[in-house]
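Notes for the one structure printed next.
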Amino acid sequence: MIAKSLKGRSAAMDPGIWSKLPPELLDHILSFLPLKTLLNLRSTCKHFKSLVFSPSFISKYSSASLFSSFFLLSHPQCYSNFPLYDTIRGAWRKLALPLSFLPPSAAQFNLLSSCNGLFCFSLPNSSSFLVCNLLAKSSRPIQFPFFPFAFEMLTLVSTPHGYKIFLLCSKFSSNYAFVYDSEVHSWRQFDGFQPLLADNFHQEGASFNGSLYFATPEPFSVVCFDLENGKWENLDTEMPRELTFVRLVSNTDEGKLYMVGGIGRNGISRSMKLWEMGDGGNWVEVERLPELMCRKFMSVCYHNYEHVYCFWHQDMICVCCHTWPEILYCKVSRRTWHWIPKCPSIPDKWSCGFRWFSFVPDLYTLA
């Protein structure tokens with residue numbers, strides 16, 4: 001309607017009109033601009049530059065078109081260009097990683113974890129990690145605790161005043177846990193969990209009530225690691241019967257812990273279910289994957305469940321396979337299951353190495 005009413009008029013804006021607009025009305029209009037356009041406006045005047053970084057503006061209008069949220073695909077062949085799936089607009093995009101974030105010696109890098117708008121990369125040639133906020137253009141290199149440093153199950157965790165990095169490391173035939181705290185910029189070393197947790201190197205820990213939760217290999221159980229005191233604890237909870245694999249995922253905003261698992265015998269899954277941790281510490285069944293979708297997923301992973309991993313993304317529990325370029329997800333509030341199709345720019349010859357991450361841009365998360 002507005003476009004029709006302006007048709008035939010001069011394209012030039014009348015500064016006399018725009019200069020008299022109430023600031024809150026102008027801010028509301030600006031909140032509907034695409035993110036890239038809004039960021040480009042920072043160089044036009046001091047008001048626009050301060051507006052973009054105003055907490056009141058972000059919190060009030062983040063539900064408009066200011067930010068979207070994405071699934072980000074990392075693959076060995078992607079290098080510095082990452083395919084993005086816009087979960088709000090249902091469209092594919094590409095994210096080019098600014099090479100200015102990387103040290104000159106970083107000939108290669110691997111994306112390992114994401115959380116609250118931050119990404120954690122490993123820089124093997126620099127013996128360090130790199131935590132960065134691509135939207136705010138901030139980054140921080142973090143040196144390995146020692147070198148050589150072999151690690152697994154790295155998990156980036158958001159905290160009220162920063163973030164922590166958890167990982168497991170085998171050193172001198174022993175298993176240790178290391179935690180990096182961004183508030184004090186240092187590592188702490190703790191005892192690891194025996195026996196070893198890893199039957200899936202792609203699955204991160206699930207952050208829940210100040211701890212990271214992990215599923216053990218068969219016989220399946222749940223253990224947690226307190227990020228503050230470094231203590232491990234076995235959960236005294238009864239696991240569902242006939243499990244073939246188990247993955248844990250958490251909704252940190254609402255403080256909920258979920259479990260995704262296959263049900264079957266002799267390592268062959270006939271169904272897949274979703275459970276939620278109840279108030280009494282028991283698992284309550286939430287949803288079952290429809291049969292046809294279950295058949296497709298099991299055929300995709302060939303019942304090799306070490307390739308299966310899960311993560312949380314804005315009311316969605318995403319179930320992925322390291323050998324398949326699609327995402328299966330459950331919309332928790334609606335209890336419905338869906339597939340996100342393959343990115344059209346991915347060549348058919350890419351048969352493995354698909355690693356998906358949740359990406360929710362946040363200007364105020366500091367690296």
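Atoms considered below: every heavy atom in the structure, side chains included; atoms not considered: hydrogens, waters and symmetry mates. All residue numbers refer to positions in the sequence shown, counting from 1.
- A tilted orientation is assigned to the rings of W187 and F129, their planes being inclined by 30° to 60°.
- Of all heavy-atom pairs spanning L243 and W275, the tightest one is CD2-CH2, 3.9 Å.
- Residues I327 and C320 share a closest heavy-atom pair of CG1-SG, 4.0 Å.
- Taking the charged nitrogens against the carboxylate oxygens, R93 and D86 do have a contact shorter than 4.0 Å, which makes a salt bridge.
- Without hydrogens or angle criteria, S182 side chain to Y163 main chain gives a donor-acceptor distance under 3.5 Å.
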Given side chain to side chain contact (heavy atoms under 4.5 Å, CB included), test K331 with E287 step by step and report yes or no.
CA-CA 10 Å; K331 189 75 172 177; E287 192 56 53; over 6 Å; no
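- Between F359 and Y85, the distance separating the two ring centers is not shorter than 6.0 angstrom.
- Residues F190 and Y176 place their aromatic rings such that the two centres sit no closer than 6.0 Å.
- Relative ring orientation between F214 and W232 is described as tilted, the plane-to-plane angle lying within the 30° to 60° band.
- Looking at K296 and E326, a side-chain N of the basic residue comes within less than 4.0 Å of a carboxylate O on the acidic one, giving a salt bridge.
- A donor-acceptor pair is defined here as one N or O able to donate and one able to accept, closer than 3.5 Å; such a pair exists between the side chain of R140 and the backbone of A367.
- Panel note: side chain R247, backbone M259; no donor-acceptor pair is recorded below 3.5 Å.
- Counting only distance, with no hydrogens or angles, the side chain of S127 and the backbone of F147 share no donor-acceptor pair below 3.5 Å.
- A side-chain contact (heavy atoms from CB on, under 4.5 Å) with K164 is found for exactly one of L156, T155, L212, T159, namely T159.
- Ring orientation note: the planes of H303 and Y305 are nearly perpendicular, at an angle over 60° on the 30°/60° scale.
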Verify ring pair (Phe, Tyr, Trp, His ring centres under 6.0 Å) between Y329 and F311, making sure each step is shown before the conclusion.
CA-CA 10 Å; Y329 72 91; F311 63 90; over 10 Å; no
One pair to check against side chain to side chain contact (heavy atoms under 4.5 Å, CB included): V222 and Y213. What are the steps and the verdict?
CA-CA 7 Å; V222 176; Y213 285 68; 3.9 Å; yes
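- Aromatic pair F71/H313: centroids less than 6.0 angstrom apart.
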Might you work through the side chain to side chain contact (heavy atoms under 4.5 Å, CB included) test for E238 and W283, ending with a clear yes or no?
CA-CA 8 Å; E238 183 177 354; W283 292 109; over 6 Å; no
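- With N251 contributing its side chain and L257 its backbone, the two residues share no donor-acceptor pair below 3.5 Å.
- A salt bridge links E204 with R355: at least one charged nitrogen is closer than 4.0 Å to a carboxylate oxygen.
- Residues Q314 and V360 are in side-chain contact: their nearest non-hydrogen atoms beyond the backbone lie under 4.5 Å apart.
- Panel note: side chain T244, backbone I268; no donor-acceptor pair is recorded below 3.5 Å.
- A centroid separation of 6.0 Å or more is found between the aromatic rings of F178 and F151.
- Judged purely by atom type and a 3.5 angstrom limit, T323 has no side-chain atom pairing as donor or acceptor with the backbone of C352.
- With respect to K273 and E285, a salt bridge is recorded, a charged nitrogen being found less than 4.0 Å from a carboxylate O.
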